[in-house]
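Atoms within each ligand, like the ligands themselves, are counted from 1 in listed order.
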Amino acid sequence: MSDYLEGLNPPQRAAVEQMEGPMIIIAGAGSGKTRVLTYRIAHLLKNGVDSFQILSLTFTNKAAREMKERIGAVVGKSEAKNLWMGTFHSVFARILRSEADKLGYPSSFTIYDSQDTVRLMNSIIKELGLNKEQYKTKAILGRISQFKNNLITVKAYRNNPELIEADTMAMRPQMGAIYKAYVDRCFKAGAMDFDDLLLRTNELLVRFPDVLSKYQDRFRYVMVDEYQDTNHSQYLIVRALADRFQNICVVGDDSQSIYAFRGANINNILNFQKDYPDVKTFKLEQNYRSTSNIVEAANSLIEKNKTRLDKTIFTANDEGGKIKIMRTLSDGEEGRWVANSIFENAMNLQKTYDDFAILYRTNAQSRAMEDALRKKGIKYKIYGGLSFYQRKEIKDLLAYLRVIINPNDEEALKRVINYPARGIGATTIDKLTIAANHYGKSMFNVLQDLDNTDIKIQGATKNKLVNFSNLIEGFQISAQANNAFEVADEVVKRIGLIKDLQGDGTPEAVSKVENVQELLNGVKDFIEERKEQDLDNSLTAFLEDVALATSQDSKEDDEPMVSLMTIHLSKGLEYPYVYIPGMEETLFPSAMSINTRSELEEERRLFYVAITRAETQCYLSFAHTRYRWGKLIDCEPSRFLEEIDEKYIEHLAPQRDKVVANRFVDSNLFEDDIPRDKIRFRKPVSRSIRNQDKPAEKKTPFKQPQNLKRVTPSLAQKLGTSKPAQKLAVGNKVNHAKFGNGEVLQVEGTGVNIKAEVKFEGIGTKKILLQFAKLNILE
Ligand SMILES: Nc1ncnc2c1ncn2[C@@H]1O[C@H](COP(=O)(O)OP(=O)(O)OP(=O)(O)O)[C@@H](O)[C@H]1O
Ligand SMILES: [Mg+2]
């Protein structure tokens, strides 16, 4: 028996040892699906499979890196390095790079991100003279994405009267023309959007049987994690690639399918058995991640979904704390409660901030959380928000690099042609665009050949354009001789970027300059790392890495930080402490998802995903009022709160004390003055109407407030001081039950927030929140 298999239970092990043929693992959250994939790859390698012959598709690049690391620990780093492992997009971008010429693309094609596609679509709508209200950019792009994910090309669209009619009915009769213009422009710019990476891969495999054959031969073993969220296009690629050897292993959980809105098709998992009649099915039923309270609570929730595969999930882990529900007056107060709770847990339980995650339904909710965390001095990182690479100064610099590699990249060119300002105005750019369309050339080609182009541009402007095209050509020559870092560094210097950003020396300006420096550091790290691994370290490779960085791939920082992200992004991850704020009707479930059962069930699955990220403790919260769309609105608690079996729930804000708050009291008052558990609310929580899904008799009321009294500032202040802090002074020798003896180095804060910094013998310095820690003064 090889010892690397010892960390598996019998069904996991059986799945790992099943090396050949089609297989599927459908199992609940935290049951070790991803772990099985990881061990299975290690097992294949141990049994002589060539590492180049394994293709493994994951949900994030980060997951791929982690898996590689673990596999590397078993079979050796250099073997693990050869695995084809990553997201669908990154793996297929890599394949497309080497086959691009077959599709008429340059191998240095650009990958357009969502900002690029929005800009391009805006200009297409303008150029076609369409009404912006009628043709909303995002909606049009969403529609095109649907087409592409279902492999509906422009030609197929034009031959499909039903689709045309649907768009005409939706007041978008020009959809076909827009789609064609969009595809043509991307192609001319040598650019692919995210959906193209899949669509073009499909095209490649269908149109070029020899290419298909080559990759079928290469990928003898194909594995897919989170299979429940694959779309049609991904499904077809996987099926085509695995067709020769049929060694395909997919894992997933139908209860965690949460990307239907982006074209994910749960039928891919449900129909797997039909596609591969001799499929072996494995079940994993033990959850290793969470306490039994969390597992049971999540089970009781997901049972409310009618469409789901029958699965059992249990855990041998401790019962743990119940799921805690907190109600607050406002979203601001909710943020402060979350921040305080994280702070207290971290202090009391000696946890670091990376043990905590805040998962929300919408990105907009992060603001209140961020404000509160910042005020408490808690470090945090946001996944998927405006990531480093999306900041303007970074995008501008990256746009230069993109133009150097692919001068046809129109969106990048438009970004930099007049940045830093060089007197090339919007009218000139419009003229260039029109000329490019007219001559069927790229804008850069027009620029290079102004003399032979019939556009009216003044002499002075013309000089500026010539200078600009010379500048870019100069960089291109430099890129042939120098490495990516040298080129990037030269660009920053030549265009005077630092000077332009430095401006008035405000903190924002300083941070922009630092960001540019950081990008240069990033390029340097990149080339060195690649050099070490003997991998492609060209500027093209660097740009691809950046374009495909998934939202969870933000740079790891050494300092522990609280993680903030949408629930959608949290799939597959786990954290000891999870906070899910905003448990309110129309927010979660979202207002857009309560009209049909299937939409509501997807929201419920999303909630299931959120709860099952928690290992030790899960907190839910809702506010009675919240700023949304710039307005203060009244909120009702989410129906989902009532769907979790009451057995597994504890309502915070217990009614021990006679202190009562009323929703009109300034919520700021509560921040430090009243311990949160002493506040009760005047407004009884309404729990009627809603929930068609739920049998009436099972309704469990939220506890009704009693003895309501209006709180006044003076009463609040009294309360704030009603819990006297320990009288500690610097230099005191103290004893702590867990850390032993130590000396007080510093005392800070007021009221319930008094903290002491204590140097414990043999342990080191710890910050202790006196409200909770028992410190006995020795002398
Ligand atoms: N046999 C086992 N022994 C010990 N720990 C295990 C075992 N199986 C899984 N785990 C641990 O349980 C946790 C959950 O495993 P994993 O992430 O693989 O589950 P999953 O099924 O992929 O979950 P999700 O559905 O959320 O993606 C991980 O921390 C993993 O290391
Ligand atoms: Mg997983």
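Heavy atoms only, all atoms of each residue included: Q228 and A264 are closest at O-CB, 4.4 Å. Shown here for A29 and Y608, the closest heavy-atom pair between the two residues is N-OH, 3.6 Å. For the residue pair L205 and L241, the shortest heavy atom distance occurs at CD1-CD2, 4.1 Å.
In this structure, D253 pairs ionically with K311, as a charged nitrogen and a carboxylate oxygen lie closer than 4.0 Å. Note on E370 versus R367: no salt bridge recorded, every NZ/NE/NH1/NH2 to OD/OE distance being 4.0 Å or above.
Ring planes of F88 and F92: tilted class, angle from 30 to 60°.
For the Mg ion (ligand 2), the set of protein N/O/S atoms nearer than 2.8 Å consists of T34 OG1, ordered by chain and number.
Partners of Y360 by ring pair (Phe, Tyr, Trp, His ring centres under 6.0 Å), not counting sequence neighbours: none found. In this view, F607 and F588, F640 satisfy the ring pair (Phe, Tyr, Trp, His ring centres under 6.0 Å) rule, not counting sequence neighbours.
The distance from the CZ atom of R40 to the OH atom of Y221 is 8.0 Å, given to the nearest 0.5 Å.
Residues with a heavy atom under 4.0 Å from ligand 1: G7, L8, N9, Q12, G28, A29, G30, S31, G32, K33, T34, R35, E226, Q256, Y288, R289, G572, E574, R613.
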